[in-house]
Amino acid sequence: MLEKTYRPAEVEERLYAAWEASGAFAADPRSTRVPYTIMMPPPNVTGSLHMGHALTFTLQDTLIRFMRMRGKDALWQPGTDHAGIATQMVVERQLAEKDIFPDRGQQGAPGQTLIGRDDFVARVWDWKAESGSTITRQLRRLGASPDWARERFTLDEGLSDAVRKVFVRLYREGLIYRDQRLVNWDTKLQTAVSDLEVQQVEVKGHLWHFKYPVEGAENTFVTVATTRPETMLGDTAVAVHPDDERYRGLVGRHVVLPIVGRRIPIVADPYADPETGTGAVKITPAHDFNDFEVGRRHGLDAINILDSRGRLNDTVPESYRGLDRFAARDKVVAEIESLGLLAGIEDHVHAVPHGDRSGTVLEPWLTDQWYVDAATLAKPAIEAVETGRTRFVPKHWENTYYEWMRNIQPWCISRQLWWGHQIPAWYGPDGHVFVAESEEEAAAEAAKHYGRTTALARDADVLDTWFSSALWPFSTLGWPEKTEHLARYYPTDVLVTGFDIIFFWVARMMMMGIHFMGEVPFRDVYIHALVRDERGQKMSKSKGNIIDPLDIIGKYGADALRFTLCALAAQGRDIKLAEARVEGYRNFATKLWNASRFAEMNGCAWDPGFDPAANRLQVNRWIVTELALRAEDIARAVEDYKFNEGANLLYHFIWGTFCDWYLEFIKPVLAEGGAAEQAETRATCAWVLGQLLHLMHPFMPFITEELWEGLTAGQGGRLISAPWPEVQAAACDRDAAAEMDWVVRLISTIRTVRSEMNVPAAAKISLVLKDAGATTKARMAKHMAAIERLARIDSATELSGAVPKGSVSAVLDEATLILPLAGIIDVAAEKARLAKEIAKAEGEMGRIEKKLASPGFVEKAPEEVVEENRERLAEYAAQKQKLSEALVRLSQA
RNA sequence: GGGCGCUUAGCUCAGCGGGAGAGCACUACCUUCACACGGUAGGGGUCGUAGGUUCAAUCCCUACAGCGCCCACCA
């Protein structure tokens, strides 16, 4: 006997272990079934499950379970990401607490070397070993069913091998190169970050206007403005627009840089906007992206004035050396002022680049870094979407993709970190670079190059973490080996992810997949909404506003959370998760549980040989038909990634049709029907319930598996491996369905009219469909007289056949009159109700009549629309007639 | 500055060229033997504003207002 309510905690762990042990998650490359692949976006290996994960993995699991049931050889490839900078930061913080400061000793950063690189990396591996199973354990709690045996990690030997091969090949193809450019430098993390990791933050700052004296011209100044005064120490020019009349005479002359005393040219460059400020702009090639370009055009020096920690270095006047950039800013302003060269200060709101991980102000900084020629790789990736080989769902994300891909900049892939794939490049004593897959290869090349064995130093940097994830769709399948998995499961069917990593990840997988596999990595990219916090803000690790899905799972069960996320996953809108929503769907799970309990109590046992097409009773033929139709709708919804539609169809069918109507209809049959009727009804009830458990399984895997086990007494196999219910054409009886729809509508009408009756729903239904049962009668002694009269009138009505319309409408008419007369409800109240209903019907009629009379409607509207309106008008007219008659009779009585 | 999205019941949100929906909350009644995590009935919305297209607009178009997000080098 099932408990009164479902207790998820008691079954989830047991069922999950059983699934995993049964091998149900595993794909089978030897199978004859059609392969279906989803690549799991690898979560941070040392991370923990947040609501965004819960959403994306729920949708993926729902899809993969659905496809598995649809007969596909489904591979959901799991794994984790080493998440370079994020993980390294965590470990550094841990070490800092223990007063062990690592020193990466690069880019001139001073500091103590308490532990070296190898020691540090070993400690990160320790941390990975300690916390690395957290996320996968949490995924299991969610019910995720990937092929765990194939779990990969981006720093695995195989994947690292793929990374080296890709790097070397791209280098040899000229698509990876080393270059000295400005990068976004994080002075706190001591590394370059990519453009995508930069967050522009609106900051209230100032615009300082400085006067630069023109050389050889007494009391002549050029006034420039800046938001970062300290950068003036690195100025190597002032630019004005070539057409700017005000400065025409000054171009080619020089100004003397205050404080520094450097003589710098006034150049003409269209970058200077005559409309902005004074029209003259200071040029600091080493510390501003625009200025860098201007400097390049005019052959200006790029003077790097900062060290890696954002302090002024030895290129600036003595008194500034070693000062922090912000201290230097104040000092520069003060000194300019004291020199009488401060022309003004304005308040100014502007965007300042911040590191999205460190939160510090980033500095454009001149360094040597490795770059990928993204523009070249992007071309075929753009074309793949244009030609529809990869499709975005919803489609409008294609625009986002195009916009970025068409304006893509060189991708800076080197990071000054220790945790990650170390770049496979070695330098000779003269700085000559050897890129190779191994140290031996590099040594051999060097020997050839130098004509003798030469000591090499490996590039200390590691690759951007997204470099390895870009290879994920093929590296996890075994590339560069030609594995059977690679041949069978690539290209994958769909990538499910949030829009926030379209650039970081999706675009790069497209580029790498096409380049190395010659084919797109996925057919569909389903971009789902972001789960936001209550203020509508993006949840992120650095903001610390994460709502823990595990709390929700603990409180309501994994199924409730999963169903909620599916029900809210409408395309194109973000999810602001409300806990009440989860509670509502938890209640839904309980409803399903109790429907099963009802079946169990009534001896409805699963019969594997049951043939729904052989049913005779109308209710049974009806529910089977309804089920078949819904199963089709649900499958279509999931295939179209309309998870909310699928979830809502199930919700309404199970609660609104199966429980509210079917189970109520069969109560009298199970209580008092003939033996054959009862047997058929029990079998049908069990069968329909069983099918519903199938349809529900991708959304709520745990409770359905548990109920299935109970329904089939453990003889039905596991739901996770069961086939999706087929539409039983022979069992579909549209006439029965239509007839029952009519009955349902009729009873609803009676309910509405008779709302004051306050009799139980079951009894109301019983008295319409057949003679009320003995137990019901006993409980209904108070209302017996009226019910018996109704029952006599309705004696011809049989549940097993078509319900004679005349009979039931007679019940309606009688009920309208008898119950008030029998004193069950108040006559005056009933009159008022009838009047109100009549008015309502008249209102509807008026609206429809107006529409039918509107010019052109009958001529131009589709035939069926016109017909539908006429029918509705007739229905309302009939209803009004009936209600009016009842009102008259009630008044006369 | 460019681009995208949103504005529907008290709250959180679906939906959509021809009868305004769900969950929660609210009201009334119901110890009912599947389920009070329940049942029945009910209240509550001129679908942001103004125009336009159409026989018909919450839905399509335009403008406006408000909100949000993404991208961008404005000194």
One thing to verify: whether A:R847 and A:E844 come together as a salt bridge, which I'm taking to mean a side-chain N less than 4.0 angstrom from a carboxylate O. yes

What is the nucleic acid contact for A:A272, judged by heavy atoms within less than 4.0 Å: base, sugar-phosphate only, or nothing? base

Strictly by modelled atom types, are A:H298 and A:D269 linked by a side-chain donor-acceptor pair under 3.5 Å? yes

side-chain contact (heavy atoms from CB on, under 4.5 Å) filter on A:D273, not counting sequence neighbours, yields A:E275, A:T276

Could you tell me whether the phosphate oxygens of B:A56, OP1 or OP2, come under 4.0 Å of any side-chain nitrogen or oxygen in A:K850? no

Within the pair A:R581 and B:C24, is there a side-chain N or O less than 4.0 Å away from OP1 or OP2? no

Phosphate-side-chain proximity, A:W655 and B:G39, N/O vs OP1/OP2 below 4.0 Å: yes

NA contact type, A:E844, heavy-atom cut-off 4.0 Å: base, sugar-phosphate, or nothing? sugar-phosphate

Which pairs with one or both residues in residues 394-407 of chain A pass salt bridge (Lys or Arg N to Asp or Glu O under 4.0 Å), sequence neighbours excluded? A:E386-A:R406, A:K395-A:E398

Is there any salt bridge (Lys or Arg N to Asp or Glu O under 4.0 Å) pair reaching into residues 850-868 of chain A, and which pairs are they, with sequence neighbours excluded? none

Only pairs under 3.5 Å count here: list side-chain donor-acceptor contacts from residues 280-287 of chain A, not counting sequence neighbours, and write none if there are none.
unit_1, atom_1, unit_2, atom_2, d
A:K282, NZ, A:T231, OG1, 2.7
A:K282, NZ, A:D235, OD1, 2.9
A:K282, NZ, A:T284, OG1, 3.0
A:T284, OG1, A:D235, OD1, 2.6
A:H287, ND1, A:P364, O, 3.3
A:H287, NE2, A:N304, OD1, 3.4
A:H287, NE2, A:I305, N, 2.9

When all nucleic acid strands are considered with a 4.0 Å heavy-atom cut-off, which category describes A:K282: base, sugar-phosphate, or nothing? nothing

Base-pairing string, 5' to 3', of RNA chain B - Watson-Crick or wobble, under 3.5 Å, | interstrand: (((((((..((((....[..)))).(((((.......))))).....(((((..]....))))))))))))....

When you measure from every atom of RNA chain B, which of residues 860-869 of chain A have a heavy atom less than 4.0 Å away? A:K860, A:A861, A:P862, A:V865, A:N869

Categorize A:F588 for me: base, sugar-phosphate, or nothing, with a 4.0 angstrom heavy-atom threshold over every strand shown. nothing

